[in-house]
A.B. asks: 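Before we start, here is the structure in question, set down as structure tokens.
For reference, positions follow the sequence shown, starting with 1.
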Amino acid sequence: MTVEFPSQPWYLEGYHRPAMKDKDNVVYEMIGSILSDGRTSRLYKSLVEKQQVALGAAGESGFPGNKYPNLMLFYAVTAPGRTVEEVAAALQTEITRLKTEPVSQTELDRVKTQARAGRLRAIGSNAGLASLLVEYEAKTGAWRNLFREIDLIAKVTAADIQRVAQATFTPENRTVGRLLPKS
């Protein structure tokens, strides 16, 4: 879909993914981290720093919520003088790379550490623990899944990342949005 609005051009690309209770949920979250979690992510380094086709690039695994099937959403604000088509091509390059090249052990260890640390930080207070226990009970059917998920993070392999990426990142599973300046 294309929307015209007085704005800097944006490019959005979403891929359908299963709900939080899916057996590969932590794999989806790690793919989201690898591609789009902060300044160390592949999209930021490639689109913003290296190719300079975007002013910012990010994403979310589980948009707009993760109780039911949802989207892995990636988006970028186009840099001045660059086009949404250039952003789309750069994003596809990184997605193809994830599908065809195994993630390095260093990169995998980094996202595993971040995922585990994030969970442990979140349960570090009474309010955080209570909130997550309720969330996991409501979304997965068992509060114990919070602690099972922490263990599952350690078991994710580069092959898991590649397998889920190959199954998810297909043209027939994709929704594309473009926000273009009003003509």
Side-chain angles (χ1 to χ4, degrees), residues 12-45 56-76 91 94-177:
L12 302 96
E13 194 167 290
Y15 291 87
H16 299 272
R17 60 151 287 180
M20 182 180 180
K21 63 183 175 184
D22 186 81
K23 65 178 178 53
D24 284 324
N25 185 60
V26 294
V27 179
Y28 281 103
E29 289 184 7
M30 287 186 196
I31 288 171
S33 292
I34 290 166
L35 286 176
S36 64
D37 195 11
R39 293 176 183 260
T40 60
S41 71
R42 289 183 176 191
L43 293 183
Y44 190 88
K45 286 182 175 244
E60 183 176 341
S61 178
F63 180 83
N66 55 9
K67 180 175 170 100
Y68 302 107
N70 53 79
L71 292 176
M72 290 197 75
L73 180 67
F74 305 108
Y75 51 92
L91 174 60
E94 290 305 319
I95 286 174
T96 299
R97 185 174 149 222
L98 192 65
K99 290 167 58 174
T100 59
E101 298 174 18
V103 175
S104 73
Q105 191 61 48
T106 302
E107 192 171 28
L108 184 60
D109 289 344
R110 177 180 57 83
V111 295
K112 283 182 175 185
T113 300
Q114 289 172 340
R116 186 171 165 77
R119 299 291 192 300
L120 294 175
R121 241 187 333 273
I123 63 174
S125 70
N126 288 342
L129 179 59
S131 175
L132 282 176
L133 290 174
V134 169
E135 179 181 356
Y136 276 75
E137 181 69 29
K139 291 181 178 179
T140 70
W143 60 267
R144 287 178 179 84
N145 288 333
L146 168 62
F147 302 103
R148 287 183 191 118
E149 199 168 84
I150 291 171
D151 293 334
L152 291 174
I153 290 167
K155 295 177 182 175
V156 173
T157 66
D160 292 328
I161 300 286
Q162 200 168 19
R163 172 183 53 82
V164 171
Q166 289 170 350
T168 303
F169 299 130
T170 63
E172 49 283 334
N173 192 38
R174 178 179 63 186
T175 301
V176 173

A.B. asks: So, for A138 and K67, which heavy atoms are closest and what is the spacing to 0.1 Å?
C.D. replies: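 Answer, listing the atom of A138 first, then K67: O-NZ, 2.6 Å.
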A.B. asks: Measure the CD1-CE distance between I95 and M72 for me, rounded to the nearest 0.5 Å.
C.D. replies: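 Here the rounded value is 8.5 Å.
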A.B. asks: Pick out which of Y136, Y28, Y68 makes a side-chain contact (heavy atoms from CB on, under 4.5 Å) with M20.
C.D. replies: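 Of all the options given, the one that passes is Y136.
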A.B. asks: Could you check whether N145 and K21, counting side-chain N and O atoms only, form a donor-acceptor pair closer than 3.5 Å?
C.D. replies: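 There is no such pair between these side chains.
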A.B. asks: State, yes or no, whether a side-chain contact exists between D24 and R163 at a heavy-atom distance under 4.5 Å.
C.D. replies: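 D24 reaches R163 side chain to side chain.
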A.B. asks: Any heavy-atom pair between the side chains of L71 and H16 that's under 4.5 Å?
C.D. replies: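 Result yes, sub-4.5 Å side-chain heavy-atom pair found.
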A.B. asks: Once rounded to the nearest 0.5 Å, what's the spacing between atom OH of Y75 and atom CD of E60?
C.D. replies: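 The OH atom of Y75 sits 7.0 Å away from the CD atom of E60.
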A.B. asks: Checking Q166 now: which residues fulfil side chain to side chain contact (heavy atoms under 4.5 Å, CB included) with it, not counting sequence neighbours?
C.D. replies: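 Applying side chain to side chain contact (heavy atoms under 4.5 Å, CB included) to Q166 gives K99, Q162.
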A.B. asks: Rounded to the nearest 0.5 Å, what separation is found between the CD atom of E29 and the CZ atom of R119?
C.D. replies: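 Answer for the CD-CZ pair, E29 versus R119, is 4.5 Å.
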A.B. asks: Provide the closest heavy-atom pair for E137 versus W143 in the form atom of the first, atom of the second, distance.
C.D. replies: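 Closest approach of E137 to W143, heavy atoms only: OE1-N, 2.9 Å.
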A.B. asks: Taking atom OG1 of T157 and atom CG of D160, what is their separation to the nearest 0.5 Å?
C.D. replies: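 Output value for this atom pair is 3.5 Å.
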A.B. asks: Please report the interatomic distance CG(D109) to OG(S104), rounded to the nearest 0.5 Å.
C.D. replies: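 Taking CG in D109 and OG in S104, the distance rounds to 8.0 Å.
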A.B. asks: Quick one: are V103 and R110 in side-chain contact, heavy atoms under 4.5 Å?
C.D. replies: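 Side chain of V103 against side chain of R110, heavy atoms only: no contact under 4.5 Å found.
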A.B. asks: Is there any side-chain hydrogen bond (donor to acceptor under 3.5 Å, both in side chains) pair reaching into residues 124-133, and which pairs are they, with sequence neighbours excluded?
C.D. replies: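 Sorted pair list comes back empty.
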A.B. asks: Are side-chain heavy atoms of L98 and R42 found at a separation under 4.5 Å?
C.D. replies: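 Yes, side chains in contact.
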A.B. asks: Holding to side chain to side chain contact (heavy atoms under 4.5 Å, CB included), I want the full list of residues that pass it with A122, two or more places apart in sequence or in another chain.
C.D. replies: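 Side chain to side chain contact (heavy atoms under 4.5 Å, CB included) list for A122, sorted by chain: L132.
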A.B. asks: Work out which heavy atom in K45 is nearest to a heavy atom in T40; give both atom names and the distance.
C.D. replies: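 Shortest heavy-atom contact: CE-O, 3.6 Å.
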A.B. asks: Indicate the atoms forming the closest heavy-atom contact of V27 with V156, along with that distance.
C.D. replies: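 So the minimum-distance heavy-atom pair works out to CG2-CG2, 4.0 Å.
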A.B. asks: What's the spacing between R17 CZ and T168 OG1 if we round to 0.5 Å?
C.D. replies: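 Going from CZ on R17 over to OG1 on T168, the span is 8.5 Å.
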A.B. asks: Indicate yes or no: at least one non-hydrogen side-chain atom of D151 is less than 4.5 angstrom from one of R148.
C.D. replies: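 A side-chain contact under 4.5 Å is absent here.
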A.B. asks: So, for D37 and S41, which heavy atoms are closest and what is the spacing to 0.1 Å?
C.D. replies: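 So the minimum-distance heavy-atom pair works out to N-CB, 3.3 Å.
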A.B. asks: Could you walk me through whether L108 and Q105 pass the side chain to side chain contact (heavy atoms under 4.5 Å, CB included) check?
C.D. replies: CA-CA 5 Å; L108 184 60; Q105 191 61 48; 4.2 Å; yes
A.B. asks: Closest heavy-atom contact between T170 and Y15?
C.D. replies: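 Looking at all heavy atoms of both residues, the shortest contact is O-CE2, 3.7 Å.
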A.B. asks: Once you measure the plane-to-plane angle for F74 and F169, does it fall in the parallel (<30°), tilted (30-60°) or perpendicular (>60°) bin?
C.D. replies: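 Rings of F74 and F169: tilted, 30 to 60°.
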